[in-house]
Amino acid sequence: MTGNKQRHMRWRTTLAWLLAFCFIGAVHASDNSSVSRQDAEAFFRQYQSVLAEQAADRLTALIAEDAELRIALQQADNEPDQIFTLPRRRFVQHRRTLWHFGRDVRQQFDTPRYTPQADGTLTLQVTETERHRLFGQDTGQRNEITLTLGRRDGDIVILTLHSNSRLW
Amino acid sequence: MTRNLIVASALALALVSGSQTAYADPARTVCVFSLTGVHGEPFDTLRDFALTSRQLGVPLTLRPITNERIAAEDFQAGQCDAALLTGMRARQFNPFTGSVDAIGGLQDYDGLEMLFNALARPALATHMRHGPYEVAGLLPLGAAYIFLNDRGINNVSKMAGKRLAVLEHDPAQQMMALRIGAQPVSADVSNFANRFNNGAVDVIAAPAAAYMPLEIYRGVGAHGAVVDLPVAQLSLQLVLRHERFPPGYAQQAREYFLEQFPRAMRLVHAAEDDILFFFPPPDADRYAYDQLLDEARIALTEAGHYDPLMMRLMKRVRCTRQPDRAECTDDRE
(Lines give C-alpha, C1' and ligand atoms only; values in the text may rest on other atoms or scores of the structure.)
Protein backbone atom coordinates (compact mmCIF):
# COMPACT_ATOMS: atom_id res chain seq x y z
CA MET A 1 0.00 0.00 0.00
CA THR A 2 1.48 3.35 -0.98
CA GLY A 3 2.04 6.10 1.62
CA ASN A 4 -0.91 8.10 0.30
CA LYS A 5 -3.21 5.15 0.46
CA GLN A 6 -2.06 4.40 4.00
CA ARG A 7 -2.72 7.96 5.09
CA HIS A 8 -6.13 7.84 3.41
CA MET A 9 -7.00 4.61 5.22
CA ARG A 10 -5.90 6.02 8.55
CA TRP A 11 -7.98 9.12 7.91
CA ARG A 12 -11.09 7.07 7.06
CA THR A 13 -10.56 4.83 10.08
CA THR A 14 -10.24 7.85 12.36
CA LEU A 15 -13.36 9.39 10.85
CA ALA A 16 -15.27 6.12 11.30
CA TRP A 17 -14.31 5.99 14.98
CA LEU A 18 -15.27 9.64 15.42
CA LEU A 19 -18.65 9.01 13.85
CA ALA A 20 -19.12 5.93 16.03
CA PHE A 21 -18.34 7.89 19.17
CA CYS A 22 -20.75 10.64 18.15
CA PHE A 23 -23.51 8.11 17.59
CA ILE A 24 -22.92 6.44 20.94
CA GLY A 25 -22.81 9.83 22.61
CA ALA A 26 -26.11 10.83 21.01
CA VAL A 27 -27.76 7.62 22.11
CA HIS A 28 -26.42 8.11 25.60
CA ALA A 29 -27.67 11.70 25.68
CA SER A 30 -31.16 10.70 24.57
CA ASP A 31 -31.21 7.98 27.25
CA ASN A 32 -30.48 10.65 29.89
CA SER A 33 -33.45 12.83 28.85
CA SER A 34 -36.02 10.16 28.13
CA VAL A 35 -37.81 7.84 30.50
CA SER A 36 -37.41 4.16 29.80
CA ARG A 37 -39.82 1.48 30.86
CA GLN A 38 -37.24 0.30 33.35
CA ASP A 39 -37.01 3.79 34.81
CA ALA A 40 -40.79 4.03 35.01
CA GLU A 41 -41.11 0.68 36.75
CA ALA A 42 -38.58 1.78 39.35
CA PHE A 43 -40.42 5.07 39.75
CA PHE A 44 -43.74 3.31 40.24
CA ARG A 45 -42.25 1.07 42.92
CA GLN A 46 -40.99 4.20 44.63
CA TYR A 47 -44.43 5.82 44.29
CA GLN A 48 -46.09 2.83 45.90
CA SER A 49 -43.55 2.84 48.75
CA VAL A 50 -44.08 6.51 49.41
CA LEU A 51 -47.83 6.00 49.69
CA ALA A 52 -47.47 2.91 51.85
CA GLU A 53 -45.07 4.73 54.17
CA GLN A 54 -47.30 7.83 54.19
CA ALA A 55 -44.31 10.03 53.41
CA ALA A 56 -45.76 13.38 52.34
CA ASP A 57 -42.43 15.12 51.71
CA ARG A 58 -41.21 12.29 49.51
CA LEU A 59 -44.50 12.27 47.64
CA THR A 60 -44.06 15.99 47.00
CA ALA A 61 -40.59 15.32 45.57
CA LEU A 62 -42.04 12.86 43.04
CA ILE A 63 -44.31 15.52 41.55
CA ALA A 64 -43.10 18.49 39.49
CA GLU A 65 -43.97 21.76 41.17
CA ASP A 66 -45.88 22.89 38.10
CA ALA A 67 -47.43 19.50 37.41
CA GLU A 68 -50.92 19.47 35.95
CA LEU A 69 -53.01 17.51 38.46
CA ARG A 70 -56.56 17.03 37.28
CA ILE A 71 -59.21 15.00 39.01
CA ALA A 72 -62.49 14.05 37.35
CA LEU A 73 -64.79 13.20 40.22
CA GLN A 74 -67.67 10.94 39.37
CA GLN A 75 -71.01 12.20 40.65
CA ALA A 76 -74.15 10.42 41.72
CA ASP A 77 -77.39 10.27 39.78
CA ASN A 78 -75.80 10.28 36.31
CA GLU A 79 -74.56 13.84 36.71
CA PRO A 80 -71.51 14.74 34.63
CA ASP A 81 -68.11 14.36 36.27
CA GLN A 82 -66.80 17.41 38.06
CA ILE A 83 -63.28 18.28 37.03
CA PHE A 84 -60.88 19.91 39.46
CA THR A 85 -57.37 21.13 38.87
CA LEU A 86 -55.27 20.99 42.00
CA PRO A 87 -51.92 22.59 42.73
CA ARG A 88 -49.31 20.16 43.98
CA ARG A 89 -49.56 21.23 47.59
CA ARG A 90 -53.31 20.56 47.72
CA PHE A 91 -52.91 17.20 46.00
CA VAL A 92 -50.36 16.12 48.59
CA GLN A 93 -52.52 17.66 51.33
CA HIS A 94 -55.37 15.35 50.40
CA ARG A 95 -53.15 12.32 50.90
CA ARG A 96 -51.49 13.71 54.02
CA THR A 97 -54.71 14.63 55.80
CA LEU A 98 -56.26 11.30 54.92
CA TRP A 99 -53.28 9.63 56.58
CA HIS A 100 -53.77 11.87 59.59
CA PHE A 101 -57.49 11.34 60.07
CA GLY A 102 -57.89 7.88 58.60
CA ARG A 103 -57.17 4.46 59.98
CA ASP A 104 -56.05 1.33 58.12
CA VAL A 105 -55.27 3.36 55.01
CA ARG A 106 -54.14 1.04 52.25
CA GLN A 107 -53.78 1.18 48.48
CA GLN A 108 -54.00 -1.56 45.93
CA PHE A 109 -52.80 -1.12 42.37
CA ASP A 110 -53.50 -3.24 39.36
CA THR A 111 -50.75 -3.94 36.84
CA PRO A 112 -49.63 -0.66 35.24
CA ARG A 113 -49.40 -0.13 31.51
CA TYR A 114 -46.43 1.77 30.15
CA THR A 115 -46.42 3.72 26.92
CA PRO A 116 -43.30 5.61 25.78
CA GLN A 117 -44.02 8.92 24.08
CA ALA A 118 -42.20 10.49 21.16
CA ASP A 119 -41.01 13.41 23.29
CA GLY A 120 -39.13 11.13 25.67
CA THR A 121 -41.78 11.08 28.38
CA LEU A 122 -43.63 7.96 29.36
CA THR A 123 -47.28 7.44 30.16
CA LEU A 124 -48.21 5.12 33.00
CA GLN A 125 -51.79 4.00 33.41
CA VAL A 126 -52.92 2.22 36.52
CA THR A 127 -56.02 1.74 38.63
CA GLU A 128 -55.72 2.38 42.33
CA THR A 129 -58.21 1.26 44.95
CA GLU A 130 -57.71 3.02 48.22
CA ARG A 131 -59.52 2.00 51.38
CA HIS A 132 -59.54 3.47 54.86
CA ARG A 133 -61.61 3.87 57.96
CA LEU A 134 -62.60 7.49 58.43
CA PHE A 135 -64.63 8.85 61.34
CA GLY A 136 -66.00 5.41 62.09
CA GLN A 137 -66.93 4.57 58.50
CA ASP A 138 -65.29 2.30 55.98
CA THR A 139 -64.79 4.42 52.91
CA GLY A 140 -62.42 4.71 50.02
CA GLN A 141 -61.94 5.71 46.46
CA ARG A 142 -61.13 4.20 43.13
CA ASN A 143 -58.83 6.15 40.85
CA GLU A 144 -58.13 5.40 37.20
CA ILE A 145 -54.87 7.23 36.90
CA THR A 146 -52.79 8.34 33.94
CA LEU A 147 -49.38 9.68 34.85
CA THR A 148 -46.96 11.36 32.49
CA LEU A 149 -43.42 10.86 33.70
CA GLY A 150 -40.56 13.04 32.54
CA ARG A 151 -37.18 14.22 33.67
CA ARG A 152 -36.43 17.43 35.52
CA ASP A 153 -32.81 18.07 36.39
CA GLY A 154 -32.12 14.42 35.76
CA ASP A 155 -34.79 13.10 38.12
CA ILE A 156 -37.97 11.40 37.02
CA VAL A 157 -41.06 13.25 38.19
CA ILE A 158 -44.77 13.30 37.51
CA LEU A 159 -45.50 16.00 34.95
CA THR A 160 -49.22 15.35 34.68
CA LEU A 161 -51.68 13.28 36.66
CA HIS A 162 -55.18 12.75 35.41
CA SER A 163 -57.49 10.70 37.57
CA ASN A 164 -61.03 9.54 37.04
CA SER A 165 -62.09 9.06 40.63
CA ARG A 166 -65.03 7.71 42.48
CA LEU A 167 -65.35 8.19 46.22
CA TRP A 168 -67.60 6.11 48.41
CA MET B 1 -35.83 81.03 105.65
CA THR B 2 -37.82 78.19 107.17
CA ARG B 3 -40.92 79.24 105.19
CA ASN B 4 -38.88 79.31 101.96
CA LEU B 5 -37.53 75.86 102.76
CA ILE B 6 -41.01 74.52 103.33
CA VAL B 7 -42.28 76.03 100.05
CA ALA B 8 -39.28 74.68 98.16
CA SER B 9 -39.79 71.23 99.64
CA ALA B 10 -43.46 71.28 98.75
CA LEU B 11 -42.65 72.29 95.19
CA ALA B 12 -40.05 69.55 94.94
CA LEU B 13 -42.50 66.99 96.26
CA ALA B 14 -45.12 68.13 93.76
CA LEU B 15 -42.63 67.86 90.93
CA VAL B 16 -41.58 64.35 91.91
CA SER B 17 -45.15 63.09 92.41
CA GLY B 18 -46.17 64.66 89.11
CA SER B 19 -43.38 62.86 87.24
CA GLN B 20 -44.26 59.61 88.96
CA THR B 21 -47.83 60.00 87.73
CA ALA B 22 -46.56 60.42 84.13
CA TYR B 23 -44.66 57.11 84.32
CA ALA B 24 -47.32 55.28 86.36
CA ASP B 25 -50.11 55.56 83.78
CA PRO B 26 -52.99 53.37 84.89
CA ALA B 27 -53.30 50.17 82.91
CA ARG B 28 -55.96 50.05 80.20
CA THR B 29 -58.11 46.95 80.08
CA VAL B 30 -58.43 45.08 76.82
CA CYS B 31 -61.21 42.56 76.40
CA VAL B 32 -59.63 39.93 74.17
CA PHE B 33 -61.97 37.62 72.31
CA SER B 34 -60.14 34.31 72.21
CA LEU B 35 -61.82 30.94 71.70
CA THR B 36 -58.93 29.26 73.49
CA GLY B 37 -58.63 31.75 76.30
CA VAL B 38 -55.05 32.56 77.29
CA HIS B 39 -53.65 29.66 75.29
CA GLY B 40 -52.35 30.19 71.78
CA GLU B 41 -53.49 32.84 69.36
CA PRO B 42 -54.64 35.51 69.29
CA PHE B 43 -53.84 35.95 72.95
CA ASP B 44 -50.11 35.38 72.36
CA THR B 45 -50.00 38.24 69.85
CA LEU B 46 -51.82 40.54 72.27
CA ARG B 47 -49.49 39.55 75.06
CA ASP B 48 -46.54 40.55 72.89
CA PHE B 49 -48.27 43.79 71.97
CA ALA B 50 -48.76 44.56 75.64
CA LEU B 51 -44.97 44.65 76.02
CA THR B 52 -44.75 47.20 73.20
CA SER B 53 -47.64 49.15 74.62
CA ARG B 54 -45.82 49.45 77.94
CA GLN B 55 -42.86 50.94 76.08
CA LEU B 56 -45.28 53.41 74.53
CA GLY B 57 -46.25 54.39 78.04
CA VAL B 58 -49.56 52.57 78.11
CA PRO B 59 -49.62 49.41 80.22
CA LEU B 60 -52.36 46.98 79.29
CA THR B 61 -54.34 44.45 81.28
CA LEU B 62 -55.56 41.69 78.99
CA ARG B 63 -58.86 40.05 79.83
CA PRO B 64 -59.50 36.90 77.76
CA ILE B 65 -63.14 36.26 76.91
CA THR B 66 -64.23 33.16 75.02
CA ASN B 67 -67.64 34.56 74.13
CA GLU B 68 -67.31 37.32 71.55
CA ARG B 69 -70.74 38.78 72.24
CA ILE B 70 -69.79 39.31 75.86
CA ALA B 71 -66.47 40.87 74.86
CA ALA B 72 -68.27 43.38 72.63
CA GLU B 73 -70.96 44.12 75.21
CA ASP B 74 -68.45 44.66 78.00
CA PHE B 75 -66.48 46.99 75.74
CA GLN B 76 -69.60 48.91 74.75
CA ALA B 77 -70.60 49.19 78.42
CA GLY B 78 -67.25 50.73 79.22
CA GLN B 79 -65.95 47.82 81.24
CA CYS B 80 -62.98 47.62 78.88
CA ASP B 81 -60.97 50.43 77.33
CA ALA B 82 -60.35 48.37 74.23
CA ALA B 83 -61.44 45.10 72.69
CA LEU B 84 -60.06 42.61 70.22
CA LEU B 85 -62.96 41.43 68.09
CA THR B 86 -63.60 39.89 64.70
CA GLY B 87 -64.09 42.36 61.89
CA MET B 88 -67.77 41.39 61.66
CA ARG B 89 -68.31 42.21 65.31
CA ALA B 90 -66.16 45.34 65.07
CA ARG B 91 -68.38 46.64 62.26
CA GLN B 92 -70.76 48.13 64.83
CA PHE B 93 -67.89 50.27 66.16
CA ASN B 94 -66.37 51.16 62.79
CA PRO B 95 -68.33 50.34 59.61
CA PHE B 96 -65.30 51.14 57.43
CA THR B 97 -62.82 48.68 58.93
CA GLY B 98 -65.61 46.26 59.77
CA SER B 99 -66.22 45.90 56.04
CA VAL B 100 -62.79 44.28 55.53
CA ASP B 101 -64.68 41.03 56.20
CA ALA B 102 -67.13 41.66 53.37
CA ILE B 103 -68.35 38.62 51.45
CA GLY B 104 -66.52 38.53 48.12
CA GLY B 105 -64.14 41.33 49.09
CA LEU B 106 -60.68 39.96 48.48
CA GLN B 107 -59.81 36.45 47.36
CA ASP B 108 -56.13 36.19 48.12
CA TYR B 109 -53.74 37.09 50.88
CA ASP B 110 -51.44 39.24 48.78
CA GLY B 111 -54.39 41.53 48.13
CA LEU B 112 -55.23 41.50 51.81
CA GLU B 113 -51.69 42.52 52.73
CA MET B 114 -51.91 45.38 50.23
CA LEU B 115 -55.15 46.52 51.88
CA PHE B 116 -53.73 46.28 55.41
CA ASN B 117 -50.71 48.30 54.33
CA ALA B 118 -53.03 51.03 53.08
CA LEU B 119 -55.11 50.99 56.26
CA ALA B 120 -52.00 51.46 58.40
CA ARG B 121 -50.99 54.64 56.59
CA PRO B 122 -51.57 57.96 58.37
CA ALA B 123 -53.48 59.15 55.30
CA LEU B 124 -56.39 56.89 56.27
CA ALA B 125 -56.19 57.57 60.00
CA THR B 126 -59.38 59.64 60.05
CA HIS B 127 -61.33 56.66 58.71
CA MET B 128 -60.05 54.48 61.53
CA ARG B 129 -62.08 56.63 63.94
CA HIS B 130 -65.82 56.44 64.25
CA GLY B 131 -67.39 58.40 67.07
CA PRO B 132 -65.70 57.49 70.36
CA TYR B 133 -64.01 54.43 68.85
CA GLU B 134 -60.81 53.95 66.93
CA VAL B 135 -59.43 50.82 65.28
CA ALA B 136 -55.81 50.50 66.36
CA GLY B 137 -54.83 47.32 64.59
CA LEU B 138 -55.90 44.59 62.22
CA LEU B 139 -54.73 40.99 62.00
CA PRO B 140 -55.65 38.44 59.34
CA LEU B 141 -57.72 35.55 60.67
CA GLY B 142 -57.76 33.77 57.33
CA ALA B 143 -60.27 33.33 54.57
CA ALA B 144 -63.72 32.01 55.33
CA TYR B 145 -64.41 28.76 53.47
CA ILE B 146 -67.62 26.81 52.96
CA PHE B 147 -67.80 23.55 54.91
CA LEU B 148 -70.33 20.98 53.70
CA ASN B 149 -71.55 17.81 55.36
CA ASP B 150 -72.35 16.32 51.94
CA ARG B 151 -70.10 16.65 48.91
CA GLY B 152 -73.19 16.05 46.80
CA ILE B 153 -73.93 19.75 47.39
CA ASN B 154 -71.67 20.41 44.46
CA ASN B 155 -73.16 23.59 43.02
CA VAL B 156 -75.03 26.65 44.22
CA SER B 157 -78.44 25.39 43.08
CA LYS B 158 -78.08 22.43 45.44
CA MET B 159 -77.77 24.83 48.36
CA ALA B 160 -81.52 25.44 48.03
CA GLY B 161 -83.20 24.35 51.22
CA LYS B 162 -79.95 23.42 52.94
CA ARG B 163 -79.54 24.71 56.48
CA LEU B 164 -76.77 27.31 56.60
CA ALA B 165 -75.53 28.68 59.92
CA VAL B 166 -75.41 32.49 59.88
CA LEU B 167 -73.97 34.63 62.62
CA GLU B 168 -76.80 36.51 64.24
CA HIS B 169 -74.85 39.74 64.53
CA ASP B 170 -74.05 39.83 60.79
CA PRO B 171 -77.25 40.55 58.81
CA ALA B 172 -75.19 40.35 55.60
CA GLN B 173 -74.90 36.59 56.09
CA GLN B 174 -78.64 36.20 56.49
CA MET B 175 -79.16 38.13 53.27
CA MET B 176 -76.55 36.01 51.48
CA ALA B 177 -78.19 32.79 52.65
CA LEU B 178 -81.56 33.88 51.30
CA ARG B 179 -79.92 34.97 48.05
CA ILE B 180 -78.68 31.47 47.33
CA GLY B 181 -81.88 29.79 48.50
CA ALA B 182 -80.44 28.30 51.66
CA GLN B 183 -82.30 28.19 54.96
CA PRO B 184 -80.51 30.50 57.41
CA VAL B 185 -80.10 29.16 60.95
CA SER B 186 -79.07 31.76 63.51
CA ALA B 187 -75.89 31.01 65.45
CA ASP B 188 -72.95 32.72 67.05
CA VAL B 189 -69.24 32.06 67.15
CA SER B 190 -69.56 29.95 70.29
CA ASN B 191 -72.05 27.43 68.88
CA PHE B 192 -71.95 27.42 65.06
CA ALA B 193 -69.41 24.59 64.90
CA ASN B 194 -71.33 22.42 67.35
CA ARG B 195 -74.45 22.83 65.27
CA PHE B 196 -72.56 21.69 62.21
CA ASN B 197 -70.87 18.80 63.96
CA ASN B 198 -74.11 17.44 65.38
CA GLY B 199 -76.00 17.79 62.10
CA ALA B 200 -78.27 20.67 63.03
CA VAL B 201 -76.98 22.58 60.00
CA ASP B 202 -75.61 21.31 56.70
CA VAL B 203 -73.31 24.18 55.79
CA ILE B 204 -71.15 26.67 57.64
CA ALA B 205 -68.61 29.29 56.66
CA ALA B 206 -65.52 29.39 58.83
CA PRO B 207 -61.81 30.14 58.75
CA ALA B 208 -59.32 27.29 58.81
CA ALA B 209 -58.24 28.51 62.24
CA ALA B 210 -61.47 27.05 63.63
CA TYR B 211 -61.09 23.65 61.91
CA MET B 212 -59.00 21.81 64.49
CA PRO B 213 -59.89 23.66 67.72
CA LEU B 214 -63.63 23.30 67.04
CA GLU B 215 -63.23 19.85 65.42
CA ILE B 216 -65.14 20.89 62.34
CA TYR B 217 -63.72 17.82 60.55
CA ARG B 218 -66.37 15.83 62.46
CA GLY B 219 -69.11 17.77 60.76
CA VAL B 220 -67.51 17.31 57.35
CA GLY B 221 -67.08 13.64 58.13
CA ALA B 222 -66.29 11.01 55.54
CA HIS B 223 -68.69 12.33 52.93
CA GLY B 224 -68.42 16.10 53.12
CA ALA B 225 -66.11 18.62 51.54
CA VAL B 226 -64.53 22.01 52.11
CA VAL B 227 -64.62 24.39 49.16
CA ASP B 228 -61.20 25.92 48.52
CA LEU B 229 -62.59 29.30 47.52
CA PRO B 230 -62.32 32.27 49.89
CA VAL B 231 -65.79 33.65 50.55
CA ALA B 232 -64.50 36.51 52.68
CA GLN B 233 -61.29 37.61 54.37
CA LEU B 234 -61.80 37.50 58.12
CA SER B 235 -59.89 39.74 60.48
CA LEU B 236 -59.34 40.51 64.11
CA GLN B 237 -59.48 44.19 65.00
CA LEU B 238 -58.32 46.07 68.07
CA VAL B 239 -60.90 48.73 68.84
CA LEU B 240 -60.15 51.48 71.38
CA ARG B 241 -62.09 54.15 73.16
CA HIS B 242 -59.67 56.69 71.78
CA GLU B 243 -60.09 59.31 74.52
CA ARG B 244 -58.66 56.81 76.99
CA PHE B 245 -55.39 56.52 75.09
CA PRO B 246 -52.70 59.11 74.41
CA PRO B 247 -52.56 60.99 71.09
CA GLY B 248 -50.66 59.07 68.45
CA TYR B 249 -50.99 55.75 70.28
CA ALA B 250 -53.45 54.25 67.83
CA GLN B 251 -51.26 55.04 64.81
CA GLN B 252 -48.26 53.45 66.49
CA ALA B 253 -50.36 50.42 67.33
CA ARG B 254 -51.58 50.10 63.74
CA GLU B 255 -48.00 50.07 62.52
CA TYR B 256 -47.11 47.44 65.10
CA PHE B 257 -49.94 45.14 64.04
CA LEU B 258 -49.05 45.56 60.38
CA GLU B 259 -45.63 44.13 61.22
CA GLN B 260 -47.39 41.08 62.67
CA PHE B 261 -49.03 40.24 59.33
CA PRO B 262 -46.42 37.60 58.31
CA ARG B 263 -46.62 35.96 61.73
CA ALA B 264 -50.40 35.75 61.54
CA MET B 265 -50.26 34.40 58.00
CA ARG B 266 -47.94 31.58 59.00
CA LEU B 267 -50.63 30.42 61.39
CA VAL B 268 -53.31 30.79 58.73
CA HIS B 269 -51.37 28.70 56.20
CA ALA B 270 -50.60 26.03 58.78
CA ALA B 271 -54.29 25.79 59.68
CA GLU B 272 -55.33 25.55 56.02
CA ASP B 273 -52.82 22.77 55.42
CA ASP B 274 -54.69 20.63 57.96
CA ILE B 275 -58.00 20.55 56.10
CA LEU B 276 -59.20 17.21 54.71
CA PHE B 277 -61.28 17.09 51.46
CA PHE B 278 -60.19 20.63 50.59
CA PHE B 279 -61.26 20.91 46.95
CA PRO B 280 -61.54 23.97 44.74
CA PRO B 281 -64.77 24.60 42.86
CA PRO B 282 -64.97 22.59 39.63
CA ASP B 283 -62.94 24.24 36.88
CA ALA B 284 -66.03 24.94 34.80
CA ASP B 285 -67.83 26.67 37.68
CA ARG B 286 -65.07 28.94 38.91
CA TYR B 287 -66.16 31.99 36.98
CA ALA B 288 -69.77 31.55 38.09
CA TYR B 289 -68.71 31.41 41.74
CA ASP B 290 -66.65 34.57 41.34
CA GLN B 291 -69.60 36.33 39.76
CA LEU B 292 -71.92 35.16 42.53
CA LEU B 293 -69.63 36.62 45.17
CA ASP B 294 -69.18 39.89 43.26
CA GLU B 295 -72.93 40.36 42.81
CA ALA B 296 -73.58 39.52 46.45
CA ARG B 297 -71.01 42.04 47.63
CA ILE B 298 -72.52 44.80 45.51
CA ALA B 299 -76.06 43.98 46.66
CA LEU B 300 -75.01 43.88 50.31
CA THR B 301 -73.28 47.26 49.96
CA GLU B 302 -76.37 48.77 48.34
CA ALA B 303 -78.41 47.39 51.23
CA GLY B 304 -76.18 49.28 53.64
CA HIS B 305 -74.30 46.36 55.17
CA TYR B 306 -70.84 47.31 53.86
CA ASP B 307 -69.05 50.65 53.75
CA PRO B 308 -68.85 52.01 50.17
CA LEU B 309 -65.42 53.56 50.70
CA MET B 310 -63.97 50.23 51.84
CA MET B 311 -65.55 48.56 48.81
CA ARG B 312 -63.88 51.13 46.52
CA LEU B 313 -60.57 50.54 48.25
CA MET B 314 -60.89 46.79 47.85
CA LYS B 315 -61.79 47.19 44.19
CA ARG B 316 -58.67 49.29 43.71
CA VAL B 317 -56.64 46.47 45.27
CA ARG B 318 -58.30 43.83 43.08
CA CYS B 319 -57.79 45.87 39.91
CA THR B 320 -54.19 46.76 40.76
CA ARG B 321 -53.42 43.08 41.01
CA GLN B 322 -55.58 41.90 38.12
CA PRO B 323 -56.27 44.81 35.75
CA ASP B 324 -58.06 42.53 33.27
CA ARG B 325 -60.92 41.78 35.66
CA ALA B 326 -64.25 42.68 34.06
CA GLU B 327 -65.20 44.96 36.97
CA CYS B 328 -62.16 47.17 36.38
CA THR B 329 -63.86 48.87 33.46
CA ASP B 330 -67.17 49.52 35.21
CA ASP B 331 -68.10 52.01 37.91
CA ARG B 332 -70.35 49.85 40.02
CA GLU B 333 -68.24 50.34 43.13
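Labels below follow one simple rule: chain letters A, B, ... track the order of the sequence lines, proteins then strands, and each chain is numbered from 1.
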Chain B contact via A/I83 - which portion, at a heavy-atom distance below 4.5 Å = both

Would you please classify the geometry between the B/F277 ring and the A/H94 ring as parallel, tilted or perpendicular, with 30° and 60° separating the classes?
-> tilted

In terms of heavy-atom contacts, does CZ of A/R88 have more than 12 from other residues, nucleotides or ligands at under 6.0 Å?
-> yes

Any sub-3.5 Å donor-acceptor pair from A/Q93's side-chain atoms to B/I275's backbone N or O?
-> yes

Which is it for A/Q82 and B/D283 under the side chain to side chain contact (heavy atoms under 4.5 Å, CB included) test, yes or no, and what are the steps along the way?
-> CA-CA 8 Å; A/Q82 288 198 322; B/D283 295 350; over 6 Å; no

Just wondering, are more than 12 heavy atoms of other shown residues or ligands nearer than 6.0 Å to CD in B/Q291?
-> yes

Side chains of A/T85 and B/P280: does their closest heavy-atom pair fall under 4.5 Å?
-> no

A/L167 vs B/H223 side-chain heavy atoms within contact, under 4.5 Å = no

Taking NZ, NE, NH1 and NH2 as the nitrogens, is one of them in B/K158 or A/E79 under 4.0 Å from a carboxylate oxygen of the other?
-> yes

d(A/H100 NE2, B/M212 CE) to nearest 0.5 Å is 4.0 Å

Could you give the distance from CZ (B/F278) to OG1 (A/T97), rounded to the nearest 0.5 Å?
-> 10.5 Å

Other residues, nucleotides, ligands: >12 heavy atoms within 6.0 Å of B/D110 CG | yes

Per-residue contact mode, A/R89 against chain B (heavy atom under 4.5 angstrom) | neither

So do B/D273 and A/R90 actually touch side chain to side chain, heavy atoms under 4.5 Å?
-> yes

Residue B/H39 excluded, over 12 heavy atoms near NE2 under 6.0 Å | no

Can you find a heavy atom in the side chain of A/F135 that is under 4.5 Å from one in the side chain of B/L276?
-> yes

Contact leader toward chain A among B/D274, B/N154, B/N155, where contacts are heavy-atom pairs under 4.5 Å | B/N154

Is chain B contacted by the side chain of A/F84, its backbone, both, or neither, given a heavy-atom distance below 4.5 Å?
-> both

Are more than 12 heavy atoms from other residues, nucleotides or ligands located less than 6.0 Å from atom CZ of B/R316?
-> no

